[in-house]
Amino acid sequence: MDSDLEARRARASRCTQIAAGLAGAHLLLWLLLAPVLREPGVTLMLAPAVAQMAGGVVAAIAGVRLWRADRAALVRGPALAAVLVGLVVTIAAPLIWIGGGVRASLHGLDKIDIPSFNSP
């Protein structure tokens, strides 16, 4: 394997690990901070979502570049993994952010006493 292909494989692997780590950190932050976040906190949590999306795009691009440079099909597995992880992480970022925002918005809603139509 030539040095250019090895460097591309290392870059794709590194980008895949960073993207997956950002996704895990973003989800963990939401799970830990959701009970105490309010509207300004939801806006603040947009920063990890954007970082996660950027990491996913970079990983997918690194995987595609590795796939195209691999003429002998020696490292198709890491290339495909980088592309798939990059796409999943990129798609999951807004979903995690929106889900966390909805959860933070609905926090405390169960404490409101809404009378039912059947009560006297």
Side-chain angles (χ1 to χ4, degrees):
M1 200 172 349
D2 63 339
S3 63
D4 181 49
L5 187 61
E6 184 62 31
R8 287 179 189 258
R9 187 199 60 76
R11 178 176 169 80
S13 298
R14 188 170 47 250
C15 290
T16 303
Q17 291 169 357
I18 290 171
L22 285 171
H26 184 207
L27 184 60
L28 186 64
L29 274 173
W30 271 116
L31 292 175
L32 292 175
L33 298 177
V36 296
L37 283 179
R38 299 291 176 247
E39 295 303 319
V42 172
T43 305
L44 182 67
M45 289 298 288
L46 186 60
V50 170
Q52 178 182 341
M53 288 179 68
V57 169
V58 169
I61 290 172
V64 168
R65 291 181 70 191
L66 177 61
W67 185 279
R68 294 181 72 191
D70 186 19
R71 301 274 185 229
L74 297 174
V75 288
R76 294 290 191 199
L80 185 61
V83 171
L84 291 178
V85 168
L87 292 176
V88 168
V89 164
T90 303
I91 292 169
L95 297 177
I96 294 172
W97 185 71
I98 291 169
V102 167
R103 184 175 175 195
S105 297
L106 295 178
H107 182 73
L109 195 61
D110 56 347
K111 297 175 186 166
I112 298 175
D113 185 28
I114 301 174
S116 69
F117 292 112
N118 296 334
S119 65

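When a residue number appears, it is its place in the shown sequence, counting from 1. Values in this document were obtained by computation on a predicted structure and should not be read as measured data.
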*Asks:* Compare every heavy atom of Asp2 with every heavy atom of Leu5, then report the nearest pair and how far apart it is.
*Replies:*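 Closest approach of Leu5 to Asp2, heavy atoms only: CB-OD1, 2.9 Å.
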*Asks:* Working to the nearest 0.5 Å, report the span between CZ of Arg14 and CZ of Arg9.
*Replies:*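 Here the interatomic distance stands at 10.0 Å.
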*Asks:* Please tell me whether Leu29 and Trp97 are part of a single hydrophobic cluster in this structure, the criterion being side-chain heavy atoms less than 4.5 Å apart.
*Replies:*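 Looking at the clustering, Trp97 is in the same group as Leu29.
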*Asks:* Which heavy atom in Val58 sits nearest to a heavy atom in Cys15, and how many Å separate them?
*Replies:*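 Of all heavy-atom pairs spanning Val58 and Cys15, the closest is CG1-SG, 3.6 Å.
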*Asks:* Roughly how far, to the nearest 0.5 Å, is CD of Gln52 from OG1 of Thr90?
*Replies:*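 Going from the OG1 atom of Thr90 to the CD atom of Gln52 covers 8.0 Å.
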*Asks:* Shared ILVMFWY cluster between Leu84 and Val89, side chains joined below 4.5 angstrom?
*Replies:*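 No, because Leu84 and Val89 fall into different hydrophobic clusters, even though each may have its own neighbours under 4.5 Å.
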*Asks:* Looking only at heavy atoms, what is the nearest atom pair of Leu66 and Ala12, with distance?
*Replies:*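 Here Leu66 and Ala12 meet closest at CD2-CB, 3.9 Å.
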*Asks:* So, taking the atom named CG in Asp4 and the one named CG in Asp70, what distance separates them when rounded to the nearest 0.5 Å?
*Replies:*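 Rounded to the nearest 0.5 Å, the CG-CG separation comes to 11.0 Å.
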*Asks:* As an exercise, state the distance from CG of Leu22 to CD of Gln17, rounded to the nearest 0.5 Å.
*Replies:*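 Output value for this atom pair is 12.0 Å.
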*Asks:* For Ile61, enumerate each residue passing the side-chain contact (heavy atoms from CB on, under 4.5 Å) test, keeping only those at least two apart in sequence or located in another chain.
*Replies:*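 In terms of side-chain contact (heavy atoms from CB on, under 4.5 Å), with neighbours along the sequence ignored, Ile61 is linked to Val57, Arg65.
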*Asks:* Partners of Trp67 by side chain to side chain donor-acceptor pair (under 3.5 Å), sequence neighbours excluded?
*Replies:*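 Partners of Trp67 by the side chain to side chain donor-acceptor pair (under 3.5 Å) criterion come out as none, since no residue qualifies.
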*Asks:* Tell me, do Val75 and Arg8 make a side-chain contact under 4.5 Å, heavy atoms counted?
*Replies:*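 In short, these two side chains do not touch, never coming nearer than 4.5 Å.
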*Asks:* Indicate, with yes or no, if Val42 and Ile96 share a hydrophobic cluster defined by side-chain heavy-atom contacts under 4.5 Å among Ile, Leu, Val, Met, Phe, Trp and Tyr.
*Replies:*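 Yes, because Ile96 and Val42 connect within a single hydrophobic cluster, where side-chain heavy atoms sit under 4.5 Å apart.
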*Asks:* If every non-hydrogen atom of Ala59 is compared with every non-hydrogen atom of Gly86, which pair is closest and at what distance?
*Replies:*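 Ala59 and Gly86 have their closest heavy atoms at CB-CA, 4.1 Å.
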*Asks:* Treat each ILVMFWY residue as a node, draw an edge where side-chain heavy atoms are under 4.5 Å apart, and state whether Leu33 and Leu31 are in one component.
*Replies:*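 Yes.
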*Asks:* Could you list the cluster mates of Val64? Members are the ILVMFWY residues connected by side-chain heavy atoms closer than 4.5 Å, either directly or through other members.
*Replies:*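 ILVMFWY cluster around Val64 also holds Val83, Leu87.
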*Asks:* To the nearest 0.5 Å, how far apart are NE2 in His26 and CG in Leu46?
*Replies:*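 So the NE2 of His26 and the CG of Leu46 are separated by 8.0 Å.
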*Asks:* Are Val50 and Ile98 connected in the hydrophobic side-chain network, where two residues link if heavy atoms are under 4.5 Å apart?
*Replies:*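 Yes: a chain of side-chain contacts under 4.5 Å links Val50 to Ile98.
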